[in-house]
Amino acid sequence: MSITAEETKAQITQETKARNRELIDEVLKVYPEKTAKKRAKHLGVFEEGKPDCGVKSNIKTVPGVMTIRGCAYAGSKGVVWGPIKDMIHISHGPVGCGQYSWAARRNYYIGTTGVDTFVTMQFTSDFQEKDIVFGGDKKLEKIMDEIQDLFPLNHGITVQSECPIGLIGDDIEAVSKKKSKEFGGKTIVPVRCEGFRGVSQSLGHHIANDSIRDYVFEKDGAKPAAFASTPYDVAIIGDYNIGGDAWSSRILLEEMGLRVIAQWSGDGSLAELENTPKAKLNVLHCYRSMNYISRYMEEKHGIPWAEYNFFGPSKIEESLRKIASYFDDKIKDGAERVIAKYRALTDDVIAKYRPRLEGRKVMLFVGGLRPRHVIGAYEDLGMEVVGTGYEFGHNDDYQRTTHDIKDGTLIYDDVTGFEFEKFVEAVKPDLVGSGIKEKYVFQKMGVPFRQMHSWDYSGPYHGYDGFAIFARDMDMAINNPVWALTKAPWKQH
Amino acid sequence: MSQNADKTLDHFNLFREPEYLEMFENKKQFENPQPAADIERVREWTKTMEYREKNFSREALTVNPAKACQPLGAVFAAVGFESTMPFVHGSQGCVAYYRSHFSRHFKEPSSCVSSSMTEDAAVFGGLNNMIDGLANTYNMYKPKMIAVSTTCMAEVIGDDLNAFIKTSKEKGSVPEEYDVPFAHTPAFVGSHITGYDNALKGILTHFWDGKAGTVPALERQPNAKINLIGGFDGYTVGNLREVKRIFNLMGVDYTILADNSDVWDTPADGEFRMYDGGTTLEDAANALHAKATISMQWYSTEKTMAYIAEKGQETVNLHCPIGIAATDKLLMEVARITGKGIPAELEKERGRLVDAVADSTAHIHGKKFALYGDPDFCLGMSAFLMELGAEPTHVLATNGSKDWAGKMQNLFDSSPFGKGCHAYPGKDLWHMRSLLFTEPVDFMIGNTYGKFLERDTGTPLIRIGFPIFDRHHHHRYPIWGYQGSMNVLVTVLDKVFDEMDKNTNVPSKSDYSFDIIR
């Protein structure tokens, strides 16, 4: 009797599934009953053929469990608005939020900081007790005056609300409206992204999207774009240019003959936001954080949007063709030309790194699009993602994820510190990809790690140029001599 | 295409390649950029005295402050106790920020939980979050103590920690006798150093004053021990270890309160230690009986030290003792209180530091420095600079008070090198930018954010402060004591010499001064 390779594979998958289910049962034991019940819904094992990953998501975090999630302010100021470079974003409330998020997200941009661009600065109203007691609206007015005075080349202002604003009943909308009028119609955007709203960063993305709709698109007297349209105008939506990601993506779109008229929001400007309704197609990378505005532009302006994935050559190729399919042959040929042009590079990268990474297992826990989007890039290098989860994903993210993961993959939504540690301990991946709060936990455990939010201060990872860096970095993490040294020789068995 | 597999170009070099430069140029047409002439005009204008005056007349806007908020300090203090989990009551995003902030500085894990309050809690209060949160934390992470503090959300809605914790215990979240000290730490009062102070006072109050009315208050029975409190300190790992070394050399019986030197310096040996080291809960309680308590940073411990003094202990308040005289004072105070002599070994260390200063002072003498940071650090660092014959020309503390500015002035007045030096309480790094343009100095001392000032003004930055994100491992080295001061001296000198070399390395123009012996 001979066992075929497929049967062996199926058996391994069955074993993995059983192991993963056991593991979930095991971690749930630590919780009080009520919490165990809640957490059980967020942990699962993917069954091929199912429409989603079998977990609940976008639900309030259980208190006290050490969630990795952030807040709505982080979603608005930290993600969506913060990278808009020629506007000044006021962290409105106490000093901390703006301080901890100050220049921490690596949203690269070009400009003279403090003069015409302001991304890596921390503007705060530094609320004191009297502002809480008497309200901060007067202070906010004065802050806007002082901004105009000291930073005259700014193109606009946003007010990023911290927790107290919504609790003390401040009317930041009225202040913004009044000051906008006073400053000759300047774009001033009040954003109600108080940290207690919603269950994670995610609502902050949505609120920020809506504020662009209301205060940029629907603004009275919005001016027309200062350029002539072409049939090939596209906007990059949902790329925050971390380590230059949007740049190594834009270059490919332009090479295939498209014209990128806006970047949302990495290295973006107010004018680019304003321009976007003139696009022929919105290409959407981070679906989670910017699907809202894409849908709005589709409904209001009839602009179609296409999700794409620029991690790793397989997905890039697929995405370039998908984007091209919205255009004529000139662009379709352009896409093929780009794919052909970079093939030698990707072949070289894969030839160099695949033998060093083949068969290595990865566990991910990230935000936005990455828990699914980076899987293809790992697979291009012969690696396998055996566990993944979203910090603040919704069910539509988990549905999309089914296309990228293998049968039996361990799924953990809004993972707790405890669960993540136990999962990694048991699954023993060769690499964990997550954030700064997780990095050192796993490195202490002797597990190679890469930050998959900030690219561990490397990058870009998007596009063909980025893939070469991605491959180098994963190799550097996994095949690092330090991991052989974690056990003292006299302690090794 | 410039990228290649053999020599991978990452963000440092990739975007300088011609195809990207062309792309950037092309992108401008969509950006509605300000005219280059205007950018240049405004850039130059920001360097002027006129701009400085406008800048200093700001009343509402803060730009690039050198301070953080209270709960950060509360978490810092809490992890200094044995197996203690900091629990921050309020929005969860705050805790994500504190953990990231500490991990970026220490390159270490930073464990802390939140009660994850959301809109319903904003309306109804966060009692249920506390009840569930304490139970979860207790079961999952098995801490010996949970130290509670608050975010501004919980403070604005007026959640009562004492009552909430009591109720949680009644509901069985944690055992009745389990230690849950607390402190209200509103982000809209003071700064991270205030939060450190409040949290530490909360913990001591818990142990000394009868655990929120559940047991009789401790009766102080004075013994010969001394307590030492470090305050909020980015060098806590190196500094507290150095303090212990000094105390051990002196044979002093001591307790370090809030000793987070181990939890933020754990080994990579295959095991993740959520907790490591720390002041034992027993020692925290018994610290009441000590003869005296020394605070290394008074502004970080004002309320705690007043509380300790009320209990009848002698208190000694220092300001980040860097340098020879400051370390002398520390040792003499310890010797005086404990009756222990200062051993020859420490005296030798002192002599070595004096020797090193004598060897190198010529390169620092008369140099002007700008520095910023927490109030105590500014006092300690300025004193050492003046000892080295340098002038601490601009000293800025965003969280510094008028009282601090007065102390700074007294310090300036105590030395000829303090002449013309000025303290700036409550100002931020955008103020500092104006100072550096209008009254230039030779060097600047501060945290990582100073690199923006270095870029804009050309003032070389010496990284001493918190946070330091872009240099690694310096927090492992002390800046206190003779040996710590030696580290500071060397750090300053390295930059002085690097700058000297940088300024003299043009062949046939300046390299006659490119000396190999300095």
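Since we're looking at a predicted model, the values are computed, not measured. Naming: A, B, ... by sequence-line order, numbering from 1 per chain. Hydrogens, waters and symmetry mates play no part in the numbers below; they use all other heavy atoms, side chains included.
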**Study point:** Side chain K352(A), main chain A5(B), donor-acceptor under 3.5 Å
**Key:** yes
Point to revise | W102(A)/Y449(B) aromatic ring centres below 6.0 Å | key: yes
Check your understanding: Would you say Q92(B)'s side chain and C71(A)'s backbone share a donor-acceptor pair under 3.5 angstrom?
Key -> no
Review point. Roughly how far, to the nearest 0.5 Å, is CD1 of I143(A) from OG1 of T62(B)?
Key: 7.0 Å
Review point. Hey, does the side chain of E146(A) reach the backbone of R58(B) with a donor-acceptor pair shorter than 3.5 angstrom?
Key: no
Point to revise | Electrostatic pair E31(B):K85(A) at N-O distance under 4.0 angstrom | key: yes
Check your understanding: What distance do T8(B) atom OG1 and F470(A) atom CZ have between them, rounded to the nearest 0.5 Å?
Key -> 13.0 Å
Review point. Are the side chain of K27(B) and the backbone of D267(A) linked by a donor-acceptor contact shorter than 3.5 Å?
Key: yes
Point to revise | Side-chain donor or acceptor of T137(B) paired with backbone N/O of G64(A) under 3.5 Å | key: yes
Check your understanding: Which one, Y138(B), F24(B), F87(B), F106(B), leads in non-hydrogen pairs under 4.5 Å with chain A?
Key -> F24(B)
Point to revise | Y342(A) side chain to M1(B) backbone, donor-acceptor under 3.5 Å | key: no
Practice item. Against chain A, work out which of K142(B), E155(B), R273(B), E271(B) has the most heavy-atom pairs shorter than 4.5 Å and name it. Key: E271(B)
Exercise for review: Kindly say whether D245(A) contributes a backbone atom to a donor-acceptor pair with the side chain of H11(B) at under 3.5 angstrom?
Suggested key: no
Check your understanding: Does N32(B) use its side chain to pair, donor to acceptor, with the backbone of A271(A) at less than 3.5 Å?
Key -> no
**Study point:** Candidate pair E59(B) and K139(A), rule salt bridge (charged side-chain N to carboxylate O under 4.0 Å, His left out), full reasoning
**Key:** CA-CA 9 Å; E59(B) 290 175 352; K139(A) 188 175 199 178; over 6 Å; no
Check your understanding: Does the distance from a Lys or Arg side-chain N to an Asp or Glu carboxylate O, for K60(A) and D120(B), drop under 4.0 Å?
Key -> yes
Revision key, fill the gap. Here the pair of heavy atoms bringing L153(A) nearest to D38(B) is CD1-O, 3.7 Å
Check your understanding: Any donor and acceptor pair, going by atom type alone, linking the side chain of E254(A) with main-chain N or O of M23(B) inside 3.5 Å?
Key -> no
Check your understanding: Side chain of Y100(A), backbone of V95(B): donor and acceptor closer than 3.5 Å?
Key -> no
Exercise for review: Look at K67(B) together with D126(A) and state whether they make a salt bridge at an N to O cut-off of under 4.0 Å.
Suggested key: yes
Exercise for review: Determine, using ring centers only, whether W430(B) and F151(A) are less than 6.0 Å apart.
Suggested key: yes
**Study point:** D269(B) and K444(A) ion-paired at < 4.0 Å
**Key:** no
Practice item. Find the distance between CH2 (W455(A)) and CG (D10(B)) and round it off to the nearest 0.5 Å. Key: 14.0 Å
